[in-house]
Every structure is written in C-alpha cells, then in structure tokens.
Amino acid sequence: AQSVTQLDSQVPVFEEAPVELRCNYSSSVSVYLFWYVQYPNQGLQLLLKYLSGSTLVESINGFEAEFNKSQTSFHLRKPSVHISDTAEYFCAVSDLRTRGSYIPTFGRGTSLIVHP
Amino acid sequence: DSGVTQTPKHLITATGQRVTLRCSPRSGDLSVYWYQQSLDQGLQFLIQYYNGEERAKGNILERFSAQQFPDLHSELNLSSLELGDSALYFCASSLNPHYEQYFGPGTRLTVT
C-alpha cells in the first residue's frame with residue numbers, strides 16, 4: 001500500500017527567505033505526484049504535478065518540486081517566500097488500483113507560516 | 001474558483017440525524033471524489049465515482065453512502081451521525097481518474 005510522509009507539520013520562515021517542504025512516499029508501482037495548497041477556509045488547489053518527463057516541475061507562482069525516484073521524494077521549494085504563501089501544503093501520490101482508477105493518497109500536510 | 005460547487009456551506013445537526021451533501025463537478029469532468037478533513041485524521045479519501053459508477057472506496061463508514069447521478073452531480077449521505085463525524089467534507093472532480101483534482105469549497109458539518 002502506498003503512503004505519503006510529510007516530514008514537517010509546521011515550517012516557520014521569514015519573508016524573502018528560501019523554503020523547502022519535504023515529501024517522501026512509498027509505493028510499489030509507478031506513481032503520479034502532486035502538491036496542493038489550501039488557504040484558510042478554502043478547498044485545496046493544485047500547485048504542481050509530476051506525471052512523466054522532466055523530473056523538475058514548476059508552478060506559476062515560483063514554487064518548484066523535483067521527483068527523485070531513488071529517494072522516493074518529491075520536495076517542494078521556493079527561493080523567496082511571500083506573506084501570501086502562508087497556507088497548508090499537501091503532497092499527494094497516486095498509484096493504480098482496481099479497474100484502472102488512480103486513488104490519491106495525501107500527506108498530513110505542512111503548515112507554512114511566513115513571518116514579516 | 002475551481003468550478004466545483006458544494007452545498008450547503010455549513011450544516012449543524014444533532015447526533016443520530018441524517019444529512020445529504022451535494023456536489024456539482026466542473027463542466028466536463030466525469031470523476032467525482034469525496035474527502036473528509038478533520039484536525040485529528042487529516043484529509044481522508046472516502047469514495048470515487050466515474051461517470052455514474054463507483055470506482056474506488058477509501059475509509060468510508062457503512063453509515064455513509066454516495067451516488068453520482070446521470071447529470072454527474074453527486075451526493076454524499078451521512079446517517080446516524082456521531083460527534084466524531086464533525087468535519088469538513090470536500091468534493092473534488094477530475095477529467096480522468098489519474099489526473100489532477102479540482103476541489104470545491106467544502107461543507108463544514110457540525111454534529112452537536
């Protein structure tokens with residue numbers, strides 16, 4: 001069975017500092033990987049995804065994540081954070097289940113807190 | 001705006017009662033997922049439908065049931081409610097089951 005571990009439940013950081021949110025997964029089959037962001041009182045929004053191809057994927061707002069198959073990791077990074085990046089971040093992994101459905105497994109989330 | 005709508009936004013009910021949560025997926029999306037989010041359990045996958053057919057079940061209790069209708073909207077029925085069922089319930093949709101999901105704003109259920 002697949003699982004996702006987000007190693008930090010909370011990451012405090014100062015504005016304009018770099019940040020890395022860590023995600024490790026375990027799965028016996030090929031996977032698709034996702035990062036979602038949840039702002040207060042809202043649903044989750046897709047931040048970026050890895051399906052195939054280049055192992056480095058980027059979002060439109062400056063985040064990037066690198067798929068590392070040997071280390072089964074998909075860490076999220078941003079070189080300079082803003083106050084508006086304060087949110088909950090979820091890593092998700094999908095593998096193949098019965099009848100061709102990819103069921104996502106979500107990590108417990110990492111709360112990114114950006115201080116001025 | 002993700003294009004996924006959920007009603008109601010808030011629901012307060014008593015233990016033992018039954019409620020129905022409704023979800024309309026993004027236009028064109030055939031897959032609908034239901035999730036429960038609580039502080040102690042995190043985000044839990046409940047059930048998935050694809051074009052009206054149940055595709056996968058997660059940690060869904062027997063007291064809970066769902067269906068997807070021909071117009072692709074979905075309903076999640078929660079019965080014999082307990083205090084521990086208080087949570088945020090999200091619906092999400094996707095074009096294909098293995099692609100990214102688009103989440104609705106959620107229904108906050110409070111059981112008193």
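First the proteins, then the strands, lettered A, B, ... as listed; each starts at 1. Model, not experiment: these values are computed from the prediction.
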inquiry  = Give the interface residues of residues 49-58 of chain A toward chain B, defined by a heavy-atom separation under 4.5 Å.
reply    = A:K49, A:L51
ask   = How many angstroms lie between CD in B:Q37 and CD in A:E88, if you round to the nearest 0.5 Å?
value = 7.5 Å
remark   = So, the part of B:L39 with a heavy atom under 4.5 Å from chain A: the answer is backbone
ask   = Are more than 12 heavy atoms from other residues, nucleotides or ligands located less than 6.0 Å from atom CD of A:E16?
value = no
request  = Please indicate whether B:R108 has more than 12 foreign heavy atoms, meaning atoms of other residues, nucleotides or ligands, lying under 6.0 Å from its CZ.
outcome  = no
task = With side-chain contact (heavy atoms from CB on, under 4.5 Å) as the test, would you mind laying out the steps for A:Y36 and B:E100 before giving the verdict?
result = CA-CA 10 Å; A:Y36 290 85; B:E100 64 270 23; 4.2 Å; yes
ask   = Is the count of non-hydrogen atoms from other residues, nucleotides or ligands lying under 6.0 Å from B:L83 atom CG greater than 12?
value = yes
message = So, taking the atom named CD in A:Q42 and the one named CG in B:L88, what distance separates them when rounded to the nearest 0.5 Å?
response = 12.0 Å
message = Within a 6.0 Å radius of atom CZ on A:F14, are there more than 12 heavy atoms belonging to other residues, nucleotides or ligands?
response = no
ask   = Between A:F90 and A:L7, is there a shared hydrophobic cluster once you connect ILVMFWY residues whose side-chain heavy atoms come closer than 4.5 Å?
value = no
key: ILVMFWY network linking A:V37 to B:Y102, side-chain heavy atoms under 4.5 angstrom   = no
task = Enter the distance from A:L46:CG to B:F103:CZ here, rounded to the nearest 0.5 Å.
result = 9.5 Å
request  = Please say whether more than 12 non-hydrogen atoms of neighbouring residues, nucleotides or ligands are located less than 6.0 Å from CG in B:D71.
outcome  = yes
message = With clusters defined by side-chain heavy atoms of hydrophobic residues (ILVMFWY) lying less than 4.5 Å apart, directly or transitively, does B:F90 cluster with A:F34?
response = yes
key: Contacting moiety of A:Q38, where chain B heavy atoms sit under 4.5 Å   = side chain
key: Engaged part of B:Y35 at the chain A interface, taking heavy atoms whose separation is under 4.5 Å   = side chain
inquiry  = Distance check, rounded to the nearest 0.5 Å: B:F45 atom CZ versus A:T105 atom OG1?
reply    = 9.0 Å
query = Does one hydrophobic cluster hold both B:I47 and B:L72, with members joined at side-chain heavy-atom distances below 4.5 Å?
reply = no
ask   = When hydrophobic residues are tied together by side-chain contacts of less than 4.5 Å, even through go-betweens, does B:Y49 share a cluster with B:L61?
value = yes
